[in-house]
Amino acid sequence: MPRDVRILNTGTLLELSRRLRSVDSGRVRGSMLRRIRRAAEPLRTDLQSKIRGLDITSEGRTKPGGRSPTTRPLRSTIAGAIRISVRTSTNPGAKVWIDKSRLPADLKRMPDVINDGRIRHPVFGNRRRWATQWATPLWWDDTVRQHTPRMEREVARVLDDVRRYLT
């Protein structure tokens with residue numbers, strides 16, 4: 001799973017960023033950043049809804065089990081860690097990523113594991129007994145693939161507007 005999604009047109013963004021600084025138009029730069037962020041927000045929202053609604057199934061139990069030892073909701077925790085950042089200086093562009101620092105230590109690898117589609121874990125922490133659960137694979141990759149053309153068009157439109165303003 002790619003750790004982040006970047007919408008880049010680095011050469012154009014760098015050139016426009018330099019020209020904006022020389023003109024010293026904070027209003028235009030702020031508007032550009034806001035519009036680029038707005039172009040990435042539907043992707044973040046869709047990723048969050050996909051992970052929240054992701055079906056995770058198991059092979060079933062032979063006998064009824066007890067409650068989960070943790071009260072932490074897995075999918076909501078991962079959805080809450082999906083972030084957007086927009087930069088115009090070094091490495092310019094919009095980036096949609098999972099902030100692993102916002103995940104508990106035992107869930108840091110879970111977005112990658114879920115994206116692979118197979119989740120293996122000990123049963124209630126018992127390392128002698130393991131369970132396998134299945135999720136829809138490539139939830140991250142497929143969602144990003146669907147949104148990329150729209151985001152690229154939006155960013156190109158923003159850059160054209162800024163370029164028109166500067167000339």
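Remember, predicted model here, so these are calculated numbers, not experimental data.
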Please enumerate all residues that pass salt bridge (Lys or Arg N to Asp or Glu O under 4.0 Å) together with Asp99, with sequence neighbours excluded. none

Residue list, side-chain hydrogen bond (donor to acceptor under 3.5 Å, both in side chains) with Arg35, at least two apart or on another chain: Asp161

Using every non-hydrogen atom in the two residues, find where Arg150 and Leu43 come nearest and quote the distance to one decimal. NH2-N, 4.0 Å

Tell me if a side-chain donor or acceptor on Trp139 pairs with a main-chain N or O of Thr136 at a distance below 3.5 Å. no

With sequence neighbours excluded, residues passing side-chain hydrogen bond (donor to acceptor under 3.5 Å, both in side chains) with Arg34: none

Does atom CZ of Arg109 have more than 12 heavy-atom neighbours, drawn from other residues, nucleotides or ligands, at distances under 6.0 Å? no

Donor-acceptor under 3.5 Å (Lys95 side chain, Val86 main chain): no

Salt-bridge present (Asp142, Arg145; N to O < 4.0 Å): yes

Checking Thr57 now: which residues fulfil side-chain hydrogen bond (donor to acceptor under 3.5 Å, both in side chains) with it, not counting sequence neighbours? none

Thinking salt bridges, do Arg38 and Glu41 make one under a 4.0 Å N-O criterion? no

Using side chain to side chain contact (heavy atoms under 4.5 Å, CB included) as the criterion, list what pairs up with Arg128, not counting sequence neighbours. Asn126

N-O pairing of Lys100 and Asp112 below 4.0 Å: yes

Just one of Ile51, Asp46, Leu47 clears the side chain to side chain contact (heavy atoms under 4.5 Å, CB included) bar with Ser49, so which one? Asp46

Mind checking salt bridge (Lys or Arg N to Asp or Glu O under 4.0 Å) for Arg118 and listing every partner two or more places apart, or none if nothing turns up? none

